[in-house]
Amino acid sequence: MERSEELREHQKSAANGADSFRLTHALSRHLSWLFNEPGGSRLNISKMSFEGLELPNPVFTKAVFLQVAFPDCRLPGASFQDATVTDGSFEGANLERSNFVRAYLVRTSFRGANLAGADFSKADLQGVDFRGANLTKAKFAGASMLHADFREADLRGVDTSALNFSGAKLAGAIRDVPL
């Protein structure tokens, strides 16, 4: 029994490695597309998982992700500016200082993720799950947070004075001042 479990883990690891290699290649073509260089193409991925991926400062600007999972990934400083992520998952991921400005992040989960210092300004966060996430010093200026779930999230250092949390769930959220 142990040997078959090891084999499954190895196959899973090899599949993740191959997917990570393909993603790195696709990111290179995506950067070419962003800079209007020949051979470039927009990053558009659906129904894939990149579990445990480590990639500092990746540029996913204007990329499209449908049902893509990045569980337990280390993507500090990632740029998802103007990106579309629908039904995605970043559960347990490290996304410190990441840029989600004007991103469309509908029904996406950031449960337990580290989003300290992330910028969600003007992002569409409809139905986003931030339960238990570290959002210290994150920015949400002009973000749409209808039905977002911030239960048990750490919101210390977030300027909530001009934010509209109507329809959002905030039970147990840690914050500097009451909302």
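The two atoms that bring T61 and S79 nearest to each other are OG1-OG, 2.8 Å, heavy atoms only. A143 approaches L125 most closely through the heavy-atom pair CB-CD1, 4.1 Å. Residues P38 and S32 come closest through the heavy atom pair O-CB, 4.4 Å. Scanning all heavy atoms of the two residues, the minimum distance from A78 to L95 falls at CB-CD2, 4.5 Å. In this structure, M145 and F150 approach most closely via the heavy-atom pair SD-CZ, 3.7 Å. Of all non-hydrogen atoms in G77 and S98, the two that sit nearest each other are N-OG, 3.7 Å.
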Evaluate the side-chain contact (heavy atoms from CB on, under 4.5 Å) criterion for residues L105 and D124: first the C-alpha distance (whole Å), next the side-chain angles of each, then the deciding distance (0.1 Å), finally the verdict.
-> CA-CA 6 Å; L105 303 167; D124 189 339; over 6 Å; no

Stepwise, does the side-chain contact (heavy atoms from CB on, under 4.5 Å) test hold for K137 with V158?
-> CA-CA 5 Å; K137 298 184 181 178; V158 174; over 6 Å; no

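Counting heavy atoms from C-beta outward, L135 and F120 have side chains that approach closer than 4.5 Å. Under the 4.5 Å side-chain criterion, counting only non-hydrogen atoms from C-beta, V59 is in contact with L34. Using a 4.5 Å heavy-atom threshold, the side chains of N134 and F110 count as separate. Using a 4.5 Å cut-off on side-chain heavy atoms (C-beta onward), E51 and D72 make contact. No side-chain heavy atom of D149 sits under 4.5 Å from any side-chain heavy atom of F130. Within the 4.5 Å cutoff, no side-chain heavy atoms of Q67 are placed close to those of S46. Looking at heavy atoms from C-beta onward, L115 lies in side-chain contact with F100 at the 4.5 angstrom threshold. By the 4.5 Å heavy-atom criterion applied to side chains, I45 and L23 are counted as neighbours.
Rounded to the nearest 0.5 Å, atoms CG (D129) and CZ (R111) are 5.0 Å apart. Rounding to the nearest 0.5 Å places CG of N94 at 5.0 Å from CG of N114. Note that NZ of K122 is 14.0 Å distant from OG of S144, once rounded to the nearest 0.5 Å. Rounded to the nearest 0.5 angstrom, T84 OG1 and L66 CG are separated by 10.0 Å. Interatomic distance, R131 CZ to S109 OG, rounded to the nearest 0.5 Å: 7.0 Å.
There is no path of hydrophobic side-chain contacts, each under 4.5 Å, that joins V64 to L55. At a threshold of 4.5 Å between side-chain heavy atoms, the hydrophobic network of Ile, Leu, Val, Met, Phe, Trp and Tyr places L43 and W33 in two separate groups. A continuous path of hydrophobic side-chain contacts links L75 to M48 [ILVMFWY only; heavy atoms under 4.5 Å]. Following chains of ILVMFWY side-chain contacts shorter than 4.5 Å, one cannot reach V101 starting from F80, and the two form parts of different hydrophobic clusters.
Donor-acceptor pairing under 3.5 Å is recorded for the side chains of R29 and S41.
With F65 as reference, F60 is the one residue of Y104, F90, F60 to meet the ring pair (Phe, Tyr, Trp, His ring centres under 6.0 Å) rule.
A donor-acceptor pair under 3.5 Å links the side-chain atoms of T108 to the main chain of V106, judged by distance alone. Without hydrogens or angle criteria, H147 side chain to Q126 main chain gives no donor-acceptor distance under 3.5 Å.
Salt-bridge check for D82 with K62: failed, with every basic side-chain N at 4.0 Å or more from each acidic carboxylate O.
Counting only residues at least two apart or on different chains, the salt bridge (Lys or Arg N to Asp or Glu O under 4.0 Å) pairs with a member in residues 86-100 are D87-R107.
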